[in-house]
Amino acid sequence: MKEESGRLAGRIAVVTAAGQGIGRAVAERLMADGAEVHASDINAELLATLDGAATTRLDATDHGAVSAYFEGFDRVDILVNANRRTFIS
């Protein structure tokens, strides 16, 4: 994790689809601004190259997996859902 400094220091951010594209760019920017970033993507190999974030392989279309993932957080200050497909009940 990044040292707490920057305008988002102390904030917890969750970014889905963070392996590439917009999700990755947002995750990198949030980290640069000091947020504690938790990044997920279905592609674990892409996530492995995202330095500074806590990463989790996650299929955002799997409702049970998404629910279990979010149960692990006491709080989320910033949520970025960059997936193009998500589960809607």
Side-chain angles (χ1 to χ4, degrees):
M1 296 298 150
K2 186 177 167 106
E3 178 184 326
E4 284 203 17
S5 63
R7 66 188 185 110
L8 297 178
R11 303 289 180 134
I12 297 173
V14 175
V15 183
T16 64
Q20 61 186 342
I22 292 171
R24 185 179 189 98
V26 170
E28 290 172 343
R29 179 56 192 245
L30 290 168
M31 286 187 292
D33 286 344
E36 175 184 323
V37 174
H38 296 264
S40 66
D41 198 287
I42 197 164
N43 188 326
E45 291 177 9
L46 291 174
L47 282 177
T49 64
L50 185 60
D51 294 331
T55 60
T56 302
R57 185 197 175 281
L58 180 68
D59 179 354
T61 65
D62 181 339
H63 183 260
V66 171
S67 293
Y69 177 68
F70 278 95
E71 285 176 4
F73 294 97
D74 291 330
R75 75 174 210 270
V76 173
D77 301 306
I78 301 165
L79 174 62
V80 179
N81 182 13
N83 285 310
R84 61 185 176 100
R85 293 184 306 166
T86 57
F87 176 85
I88 300 173
S89 59

Point to revise | Side-chain heavy-atom pair V15, L30 within 4.5 angstrom cut-off | key: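 Sidechains of L30 and V15: in contact.
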Point to revise | Side chain to side chain, H38 and I12, heavy atoms closer than 4.5 Å | key: yes
Check your understanding: Do other residues, nucleotides or ligands put more than 12 heavy atoms under 6.0 Å from the CZ atom of R57?
Key ->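 Check passes, neighbour count above 12.
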Which heavy atom of [X] sits nearest a heavy atom of [Y], and at what distance?
X   : Y   : result
G19 : L46 : O-CB, 3.6 Å
T55 : L50 : CG2-O, 4.3 Å
G23 : A82 : CA-CB, 3.7 Å
A27 : V37 : O-CG2, 3.9 Å
R75 : R11 : NH2-CA, 4.2 Å

Check your understanding: Between CG of L58 and CG of N43, what distance do you get to the nearest 0.5 Å?
Key ->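 Taking CG in L58 and CG in N43, the distance rounds to 12.5 Å.
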Practice item. Supply the atom-to-atom distance L8 CG to D33 CG, rounded to the nearest 0.5 angstrom. Key: 5.0 Å
Point to revise | Pairwise salt bridge (Lys or Arg N to Asp or Glu O under 4.0 Å) hits with a residue in residues 42-51, at least two apart | key: none
Show the atom names and distances, to 0.1 Å, of all donor-acceptor pairs under 3.5 Å that link a side chain in residues 64-74 to residues at least two apart or in another chain.
unit_1	atom_1	unit_2	atom_2	d
S67	OG	H63	O	3.1

Check your understanding: Applying side-chain hydrogen bond (donor to acceptor under 3.5 Å, both in side chains), which residue pairs with at least one partner in residues 15-26 are found, sequence neighbours left out?
Key -> T16-N81, T16-N83, R24-E28, R24-T49
Point to revise | Connected via hydrophobic side-chain network under 4.5 Å: V80 and I22 | key: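 Linked within one cluster.
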